[in-house]
Amino acid sequence: MEDDDIFSGIGIGAQVDGKVVQTFQKSFLQVQNILDQNRLLINEINQNHESKIPDHLTRNVGLIRELNNNIRRVVDLYADLSNSFAKTMEVSSEDSAGTTKSDGRGGQKRFKSS
């Protein structure tokens, strides 16, 4: 899939800047890496729990903290992605409908984009 095709399904493909697409891809890659790490943490937590070995159970405390921190990071990344996407959509809709700029008197003037 090409970079510009990512957003074509939602009708803004030609209007999305390549840098924006790179930013989204970078964020999604970070999320995927954290989720992969979480899968490993969960597997280790489960193995430690099943072993019933006191040292392993004690280690789970730190692993669960790490898992919780990773989940917070994923939530933050998705929040950032959501905000970035909303801003991209806002700019995209302004660009396609004309840009609104203040005329200095508290009113708004609409300029058509070329």
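Because the structure is predicted, anything quoted here is derived from the model rather than measured. Starting from 1, each residue takes its place in the sequence as its number. Because only heavy atoms are used, hydrogens play no part in the values below, and waters and symmetry mates are left out as well, while side chains stay in.
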Ignoring hydrogens and angles, write down the donor-acceptor pairs under 3.5 Å from the side chains of residues 78-86, residues two or more places apart or on other chains.
from: Asn83; atom 1: ND2; to: Ala79; atom 2: O; distance (Å): 3.4
from: Ser84; atom 1: OG; to: Asp80; atom 2: O; distance (Å): 3.0

Does anything in residues 51-79 pair up under salt bridge (charged side-chain N to carboxylate O under 4.0 Å, His left out), and if so which pairs, sequence neighbours excluded? Glu44-Arg59
Would you please name every residue forming a side-chain contact (heavy atoms from CB on, under 4.5 Å) with Ser51, sequence neighbours left out? Ile53, His56
Please list, chain by chain and in numerical order, all residues satisfying side chain to side chain donor-acceptor pair (under 3.5 Å) with His49, sequence neighbours excluded. none
Applying salt bridge (charged side-chain N to carboxylate O under 4.0 Å, His left out) as the test, list every pair that has at least one member in residues 24-38; sequence neighbours left out. Asp36-Arg39
Taken to the nearest 0.5 Å, the spacing of Thr58 OG1 from Leu63 CG works out to 11.0 Å
Indicate, with yes or no, if Leu77 and Phe28 share a hydrophobic cluster defined by side-chain heavy-atom contacts under 4.5 Å among Ile, Leu, Val, Met, Phe, Trp and Tyr. yes
List the residues meeting side chain to side chain donor-acceptor pair (under 3.5 Å) with Asn38, not counting sequence neighbours, and say none if there are none. Asn70
Work out which heavy atom in Leu67 is nearest to a heavy atom in Ile42; give both atom names and the distance. CD2-CG1, 3.9 Å
Indicate, with yes or no, if Val74 and Leu40 share a hydrophobic cluster defined by side-chain heavy-atom contacts under 4.5 Å among Ile, Leu, Val, Met, Phe, Trp and Tyr. no
Look at the side-chain heavy atoms of Ile, Leu, Val, Met, Phe, Trp and Tyr, link any pair under 4.5 Å apart, and say whether Phe24 and Ile34 land in one connected group. yes
From CG (Leu35) to CG (Leu41), nearest 0.5 Å: 11.5 Å
